[in-house]
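In each ligand, atom 1 is the first atom listed, and ligand 1 is the first ligand listed. Position 1 is the first residue of the sequence; numbering continues from there.
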Amino acid sequence: MNTNGMLKEGTLEGKTIIVTGGGTGLGRSMGKYFLELGANLVITSRKLPVLEETAKALESETGGKVLPLACDVRNYEEIENVISTTEEKFGQIHGVLNNAAGNFISPTERLSHRAFNTVVDIVLRGTSNFTLAAGKNWIEKKQKGTFLNIVTTYSWTGSAYVVPSAAAKAGVLAMTRSLAVEWAKYGIRSNAIAPGPFPTEGAWSRLLPDNIANLFDPKNKIPVQRFGEHQELANLAAYLMSDFSAYVNGEVITIDGGEWLQGAGEFNQLDMVTKEMWDMLEMMRKG
Ligand code: HXC
Ligand code: NAP
């Protein structure tokens with residue numbers, strides 16, 4: 001494993017990138033690497049104090065420029081405000097990382113319709129709101145742009161106990177692939193990343209609370225037997241935001257140590273067959 005920055009210095013020089021949900025977790029880690037590569041960064045979410053603290057820390061760690069802006073992705077007008085304020089401060093916008101999300105575990109029949117809608121509204125409506133506002137702005141101004149959307153591997157497998165999130169992330173993936181075709185003529189690319197488990201306070205506290213985490217070891221589901229490192233994700237995100245990936249469009253790249261395939265392959269559980277048992281089977285076959 002190599003957790004150094006992968007791209008060369010200045011790769012994102014002159015670019016302005018907006019990261020939704022950029023004050024915490026994976027959004028913060030990806031944003032930090034964009035700054036290290038020379039980008040101007042705008043971080044948005046609902047909690048301005050969190051954003052301001054992150055902006056201060058990231059500016060002192062990287063020497064880059066960070067603009068923290070409060071914006072609930074469910075409110076289209078707030079997104080339009082982010083776009084105009086960003087342009088006033090930095091000029092043209094080059095990339096949008098749709099990373100904000102809401103999620104929690106629950107048997108679906110226990111959810112109120114408001115709970116279900118809350119997650120769908122943040123994940124699918126929030127991403128479509130930002131995509132529409134930024135896309136229209138780029139098209140009107142004849143500017144090129146790059147969307148990068150964070151989904152999950154259950155966007156295509158589905159998953160029990162996180163049904164609103166699975167339904168919404170599937171929608172985000174469909175939108176990513178659809179717009180990759182429709183908006184390519186305007187110079188707008190759309191790609192997605194499907195991370196497996198990367199420890200963050202936001203995800204772990206809601207999806208793996210202590211009493212649930214004690215029931216099983218989530219690492220056992222991962223063929224490489226570890227969680228992802230934030231820099232590994234940041235390297236991939238920076239590549240997909242950069243001009244090095246100009247020919248990558250409509251793609252979803254999985255970064256999960258093989259986790260979802262482990263669950264999918266018909267005979268994958270034969271991992272539990274010991275060497276002695278294989279020896280015995282071989283002897284029986286030869287006999
Ligand atoms: C059941 C719940 C619930 C829970 C909230 N609700 N939490 N229902 N189980 N754990 C219900 C509430 O009772 C309410 O319904 C409705 O949902 C709205 O709740 P609010 O608290 O008013 O919503 P809001 O303040 O908008 O907060 C949104 C949130 C919260 C999603 C509920 O958790 C949040 O702010 N999350 C943001 C960060 C986050 O979730 N990060 C993790 C992303 S990880 P009623 O009927 O009572 O009004 C991720 C990883 C994926 O996506 C893949 C991993 C491998
Ligand atoms: P996180 O730290 O909780 O990040 C979620 C962010 O979204 C927070 O900063 C939150 O900030 C913001 N947000 C939530 N609701 C919002 C709203 N209505 N408007 C604007 N911003 C909102 O969790 P994370 O683990 O880093 O997750 C980041 C992304 O990775 C998500 O898309 C998640 O689905 C995806 N992902 C994570 C994992 C993992 O293992 N960690 C795996 C697969 C996919 P505020 O509360 O301030 O609004």
So, for [atom], does the protein have a heavy atom nearer than 4.0 Å?
atom: atom 47 (O) of ligand 1; result: no
atom: atom 13 (O) of ligand 1; result: no
atom: atom 39 (C) of ligand 1; result: yes
atom: atom 22 (O) of ligand 1; result: no
atom: atom 4 (C) of ligand 1; result: yes

Check each protein residue for a heavy atom under 4.0 Å from ligand 2 and list those that pass, ordered by chain and number.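 Residues near ligand 2: G21, T24, G25, L26, S45, R46, K47, C71, D72, V73, R74, N99, A100, A101, I122, I150, V151, T152, K169, P195, G196, P197, F198, T200, G202, A203, W204.
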
Spell out, as yes or no, whether a donor-acceptor pair under 3.5 Å connects the side chain of T254 to the backbone of D256.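 Not confirmed, T254 side chain does not pair with D256 backbone.
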
T11 side chain vs L7 backbone, donor-acceptor pair below 3.5 Å: no

At a 4.0 Å threshold, what atoms of ligand 1 neighbour a non-hydrogen atom of [X]?
X: S112; answer: 15 (O), 45 (P), 46 (O)
X: Y154; answer: 51 (C), 53 (C)
X: A101; answer: 37 (C), 38 (C), 39 (C), 40 (O), 41 (N)

Run down the list T24, L208, L207, T152 and name the one with the heavy atom closest to atom 50 (C) of ligand 1. L207

What do you reckon, does [X] have a nitrogen or oxygen under 3.5 Å from a nitrogen or oxygen of ligand 1?
X: R46; value: yes
X: R74; value: yes
X: S165; value: no
X: R206; value: yes
X: N103; value: yes

Under a 4.0 Å N-O cut-off, is there an ion pair linking E59 with K32? no

Do E282 and K286 sit within salt-bridge range, that is, some charged N less than 4.0 Å from a carboxylate O?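 Judged by the 4.0 Å cut-off on N to carboxylate O distance, E282 and K286 do form a salt bridge.
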
Compare every heavy atom of [Y] with every heavy atom of [X], then report the nearest pair and how far apart it is.
X: M1; Y: E232; answer: CG-OE2, 3.9 Å
X: V66; Y: A55; answer: CG1-CB, 3.7 Å
X: A100; Y: G21; answer: CB-N, 3.8 Å
X: N249; Y: A184; answer: ND2-CB, 3.8 Å

Does any pair with a residue in residues 195-234 pass ring pair (Phe, Tyr, Trp, His ring centres under 6.0 Å), and if so which ones, sequence neighbours excluded?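 Every pair satisfying ring pair (Phe, Tyr, Trp, His ring centres under 6.0 Å) with a residue in residues 195-234: W204-F227.
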
Distance from [atom] to nearest protein heavy atom, with residue and atom:
atom: atom 44 (S) of ligand 1; value: A203 CB, 3.6 Å
atom: atom 42 (C) of ligand 1; value: G202 O, 3.6 Å
atom: atom 45 (P) of ligand 1; value: R114 NE, 3.5 Å
atom: atom 1 (C) of ligand 1; value: F104 CE1, 3.6 Å
atom: atom 18 (C) of ligand 1; value: T118 OG1, 3.3 Å
atom: atom 11 (C) of ligand 1; value: A115 CB, 3.5 Å

Go through the steps to decide whether V42 and I17 satisfy the test side-chain contact (heavy atoms from CB on, under 4.5 Å), and finish with yes or no. CA-CA 6 Å; V42 181; I17 298 171; over 6 Å; no

Could you go step by step and tell me if R189 and S245 meet the side chain to side chain donor-acceptor pair (under 3.5 Å) rule? CA-CA 10 Å; R189 286 192 299 133; S245 62; 3.0 Å; yes

Between M30 and N99, is any pair of side-chain heavy atoms under 4.5 Å apart? yes

Joint hydrophobic cluster, I255 plus F244, side-chain heavy atoms closer than 4.5 Å: yes

If you group Ile, Leu, Val, Met, Phe, Trp and Tyr by side-chain heavy-atom gaps below 4.5 Å, do L67 and L97 land in one group?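 No, it is not one cluster - the side chains of L67 and L97 are not joined through contacts under 4.5 Å.
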
Flag for T62-Y33: side-chain donor and acceptor within less than 3.5 Å: no

Compute whether any side-chain donor of one residue and acceptor of the other, for N149 and T176, lie under 3.5 angstrom apart.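 Distance-only check passes for N149 and T176.
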
